[in-house]
**Student:** 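Shown below is the structure under consideration.
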Amino acid sequence: MFRHIPSYLGDPIYSLFQEFLADPSPHRVNLSIGLYYDEEGRLPVLSSVRRAAQRLSEEGMPYGYLPMEGMAFYRQRAQELVFGADSVALREGRIATVQSVGGSGALRLVAEFLRRYFPDSAVWISDPTWDNHRVLFTRAGLEVHNYPYYDPQTHGLCFDAMVSALAALPSRSVVVMQPSCHNPTGVDLSKEQWKAIIQLMVERGLMPLMDMAYQGFGDGLAEDAWAIRAMCDAGLAVMVSHSFSKNFALYGERCGGLSVVCADNTQAAGVLSQLQAIVRGIYSSPPLHGARLVATVLGDADLRAQWEGEVNAMRQRIQRVRGALQTRLAEALPDVSFDHLGMQRGMFSYTGLSPALVDALRTEKSVYLLRSGRACMAGLNDTNIDWVAKAIGEVVRKQTRAAVTSGAASQRRTG
């Protein structure tokens, strides 16, 4: 019956992570998968979350189904965190929000929503972007294209090309953007650049879809949501997928949300009802326990303050190891500039290392990056950062020597 079904080749990130787990080397370092590790190289359990879990355990609440749209208190707190407690759109009831199965689930919901109600709208994603963006939207039957974003020559943003591309899009085109901590490059827009993009979107009638998976890991909780709030203030019909996997370290609990900002509360009610219908047709009801944890932390002043402090500590640790790696690479490879590492933000960096160098790092040094050169900075700590810098230095110098030798041999043959 199922003989005609081909095997799934697997996701390259998860496959690489499995290879890392099987690596017997005592020096192995995982800079591949997007997980935040603490200084000891472990997935943390935040103290604020642990206290919330203890409180919930003592209360002994039953584990019934949530409504299709999710827990009301969770959704309210998520809205306040994303849009700001003083948001005019929030106060006027113009934001339709559903709890989702993580950030990926939010994107899958909005993809289905777009396919049903904006069937003629194509989706535009940055080049490059998180690999699963294309998968989620194409699997929903949407047409997906790229717009320019990253310049490999400068290791920065090719902003003029991006503006030109977006200015040529037809009205109601869906533009997927990340408000902060861009995955995979770590390259973000400045406020002035965001203002120009927002004005362009208003003029062209474009539909921004903001994917925020790392709130708090760039400049701060409010600062990382600035572009989303500015879009709301500009009157854009912005859609936002958001996740608590990273900033609550609740990866397996699948805590996320999808919000759609509408022109009035009547439209918001209609959008919410259709999102409920989509949820019912896919998984019926979102997970309960993680939502309780998040709602408990965000709804208690003491736990909220403790959590914000923990997010600040995680952000500062990422910034510290990022700077330390930049310094050590400058010492190991004084003729190669790694200044771009210091300008990038969040968990990820495009190192500029070629696929051949990445392969050498993995096979010779047990240092795991994606073949694109993306490194997860949160995998660095004081015990492995010297090894990583030394490993990069050695494979780069080895490749340089090989290139010089090959060039000299070629010159002798042609001479």
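Positions are given from 1, in the same order as the sequence printed here. Note that the structure is predicted; figures quoted are calculated from it, not measured.
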**Student:** What residues form a side chain to side chain donor-acceptor pair (under 3.5 Å) with Asn384, not counting sequence neighbours?
**Tutor:** none
**Student:** Whether the Gln274 and Arg116 side chains hold a donor-acceptor pair (N or O, under 3.5 Å, no angle test) is what I'd like checked.
**Tutor:** no
**Student:** Tell me whether Arg229 is salt-bridged to Asp86, with the criterion being a basic N under 4.0 Å from an acidic carboxylate O.
**Tutor:** no
**Student:** Judged by modelled atom types alone, do Arg374 and Asn183 share a side-chain donor-acceptor pair under 3.5 Å?
**Tutor:** yes
**Student:** Would you call Glu112 and Arg115 a salt bridge, using N to O less than 4.0 angstrom?
**Tutor:** yes
**Student:** Using ring centroids (six-membered ring only for Trp), state whether His182 and Tyr150 fall under 6.0 Å.
**Tutor:** no
**Student:** Indicate yes or no: does Glu192 engage Lys195 in a salt bridge with an N to O separation below 4.0 Å.
**Tutor:** yes
**Student:** Tell me whether the rings of Phe348 and Tyr214 are parallel (<30°), tilted (30 to 60°) or perpendicular (>60°).
**Tutor:** perpendicular
**Student:** Does the cation-pi check pass for Arg28 over Phe20, that is, NZ or CZ under 6.0 Å from the six-membered ring centre and within 45° of its axis?
**Tutor:** yes
**Student:** Where does the angle between the aromatic ring planes of Trp307 and Phe248 fall among parallel (under 30°), tilted (30 to 60°) and perpendicular (over 60°)?
**Tutor:** parallel
**Student:** Is it the case that over 12 heavy atoms from other parts of the model lie below 6.0 angstrom from the CZ atom of Arg139?
**Tutor:** no
**Student:** Is it the case that over 12 heavy atoms from other parts of the model lie below 6.0 angstrom from the CZ atom of Arg304?
**Tutor:** yes
**Student:** For the residue pair Ser349 / Arg322, report whether a side-chain donor-acceptor contact shorter than 3.5 Å exists.
**Tutor:** yes
**Student:** Do NZ/NE/NH1/NH2 and the carboxylate oxygens of Arg51 and Asp300 come within less than 4.0 Å?
**Tutor:** no
**Student:** Could you name each residue pair satisfying salt bridge (Lys or Arg N to Asp or Glu O under 4.0 Å) that touches residues 199-211, not counting sequence neighbours?
**Tutor:** none
**Student:** For Asp23 and Ser25, test the side chains for any donor-to-acceptor distance below 3.5 angstrom and give the result as yes or no.
**Tutor:** no
